[in-house]
2 protein chains.
Amino acid sequence: MTVWDRPEPPTRPVPLDRERIVAAAIALADEGGLEAVSLRKVAARLDAGPMRLYGYIATKEELFDLMVDEVHAEILPEEQFGDWREVLRIRAHRTRQATLRHEWLADLLGGRPTLGPNALAVTEAALAALDGLADLDTVLRAVETVSAYSTGAIRREIANLRAERATGLSKRDWQRASGPHLRKMLATGRFPALAKAVHDGTEVDAEASFATGLDWVLDAVAAKLARPPA
Amino acid sequence: MTVWDRPEPPTRPVPLDRERIVAAAIALADEGGLEAVSLRKVAARLDAGPMRLYGYIATKEELFDLMVDEVHAEILPEEQFGDWREVLRIRAHRTRQATLRHEWLADLLGGRPTLGPNALAVTEAALAALDGLADLDTVLRAVETVSAYSTGAIRREIANLRAERATGLSKRDWQRASGPHLRKMLATGRFPALAKAVHDGTEVDAEASFATGLDWVLDAVAAKLARPPA
DNA sequence: TCTCATGCCGATACACTGTATTTAATTATT
DNA sequence: AATAATTAAATACAGTGTATCGGCATGAGA
């Protein structure tokens, strides 16, 4: 035995904390989706045994919550500017962008109440931007309506993106050709309006579509803020 | 051995089909949530071995898709009446009601493109109701915007419902007391607008809140239909 | 410095999952 | 009636989240 093959000294256990655990989990999820996140793999990435994690995390769901909150740090802009409409619009777009960077977020969005510090800060910023523009109930409804639209639209966008990715087809032809299934369905003649939509619909990019729907919703909110309920 | 303990004649294998499988899966999910649905349990409920199912279903995800489509049969009303706005409103409310009956649907809503016959029929009905009221792109955007709001709002409602159910608290006190966690967060003073909202927000029932946001979105759609884009 | 106690880390264990594969049984066909 | 084809069942595998247990290393007390 030489110095070269002398066994490594027993590695001191790397100190862990939630931050490192969450970062490892996010890295795994970014690479392989949510289903690639297992406590064993997260622990392995930190050179630890699986049970180590339970000193910092009570359950896997809690880890997911922490992941979601961590991404909310990317969503909250450093500084707020613009009127309430700009604030809400930017919040929606940043949420969408964060989800495009971390597709697994789509699976979690809206799935559980978000009570982490970053998520609360995001909500706080939205509420603050609307503060005083109408009675509290209206303000709450406004924020919730916009964010309901956002999460719904983002989820659908990611769902479609995954579907077309799975078939490996160009966006244009995706619907028309998503398996013989949809084609056959449309061929039955039971869905004429849908068939027309699939056939004649122009290709619009996802961001524009998201932005347009968002603007509609913001228009609606603007109308309610101007004319608060009796 | 008497006639009494004579072994049962070997039970003929019960003939299966997708319908029965999906029904069993839905029953399990209704009772214990999505996570209670395992192929083994579904098969057991049909007196079959787990592998039997693979003759009718390629994967568990496909089973989920079939479950979602099955519930869409409850969403599609027997007969359509009213103008486009009524059609879209009813569709949203029926989706919400179906989700309240089958809470697991909230976990799946918007998660994957819905291409089953019932889901297509639901979409078809919506498109048909808007047909001709504007150019096709506007009509599509309208339907998608409303359904994005619906899925987002429904998911949040179910998420909150589960959270308050978990804490076993009355709706009124839920936010104020969801663990020491939220209280501590609000006590930091970093979230004044949020604190005010939690403190002063009146208790509104979920259905009214859903309906109000939906009406806002429908107002927005109405405005765009009246004035199609240049 | 030696002993004892405490807390933490890793290993083991359990009950379960989705699904591939291999074997057995049953049906159909010649 | 014998063989071929189809179908069900049993077994197997690799993985999961998490409870429990055993040992080791570190700290305190003497």
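A quick note: this is a predicted structure, and the numbers were derived from the prediction, not measured. Only this structure's heavy atoms are used, side chains among them; waters, hydrogens and symmetry mates stay out.
- With hydrogens and angles disregarded, no donor-acceptor distance shorter than 3.5 Å links the side chain of B:Arg96 to the backbone of B:Ser150.
- At its two ends the helix from C:dT1-D:dA30 to C:dT29-D:dA2 runs along axes set 20° apart, each axis drawn from five pairs and the angle rounded to 10°.
- Rounded to an integer number of Å, the gap from CG of B:Leu46 to C1' of D:dA9 is 16 Å.
- With respect to B:Arg94 and B:Glu74, no salt bridge is recorded, no charged nitrogen being found less than 4.0 Å from a carboxylate O.
- Without hydrogens or angle criteria, B:Glu62 side chain to B:Ile57 main chain gives no donor-acceptor distance under 3.5 Å.
- In this entry the distance linking CG of B:Asp17 with P of D:dT7 reads 15 Å, nearest Å.
- The phosphate of D:dG17 has neither OP1 nor OP2 within less than 4.0 Å of any side-chain N or O from A:Thr59.
- In this structure, the nucleotide among D:dA8, D:dG17, C:dG18 sitting nearest to the side chain of B:Arg52 is D:dA8.
- In this entry the distance linking CD1 of A:Ile57 with P of D:dG17 reads 12 Å, nearest Å.
- Here the C1' atom of nucleotide D:dA19 and the CG atom of A:Leu39 are 14 Å apart, to the nearest Å.
- Here B:Val37 lies in heavy-atom contact (under 4.0 Å) with sugar-phosphate atoms only.
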query = Hey, mind stepping through A:Leu127 and B:Lys196 against side chain to side chain contact (heavy atoms under 4.5 Å, CB included) and telling me if it holds?
reply = CA-CA 10 Å; A:Leu127 288 175; B:Lys196 197 174 74 171; over 6 Å; no
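- A straight line from CG of B:Leu53 to P of C:dT19 spans 11 Å, rounded to a whole angstrom.
- The side chain of A:Met51 approaches D:dA19 more closely than any other nucleotide in the set C:dG18, D:dA19, C:dT19.
- Taking 4.0 Å as the cut-off between side-chain N and carboxylate O, B:Glu35 and B:Lys60 do not count as a salt-bridged pair.
- The NZ atom of A:Lys41 sits 15 Å away from the P atom of D:dA14 (whole-angstrom rounding).
- Between the CD atom of A:Glu35 and the P atom of C:dT19 there is a distance of 11 Å, rounded to whole Å.
- One can find a donor-acceptor pair under 3.5 Å joining the base of D:dG17 and the side-chain atoms of A:Arg40.
- Computed from coordinates, the B:Leu28 CG to C:dT17 P distance equals 11 Å when rounded to whole Å.
- Between the side chain of A:Glu124 and the backbone N or O of B:Ala193, at least one donor-acceptor pair lies under 3.5 Å.
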message = Could you go through B:Ile158 and B:Asp107, starting from their C-alpha distance and side-chain angles, then the distance that decides it, and tell me whether this counts as side chain to side chain contact (heavy atoms under 4.5 Å, CB included)?
response = CA-CA 9 Å; B:Ile158 298 292; B:Asp107 302 314; 6.0 Å; no
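- Relative to the side chain of B:Tyr54, the nucleotides C:dG18, C:dT21, C:dA11 differ in distance, and C:dG18 lies closest.
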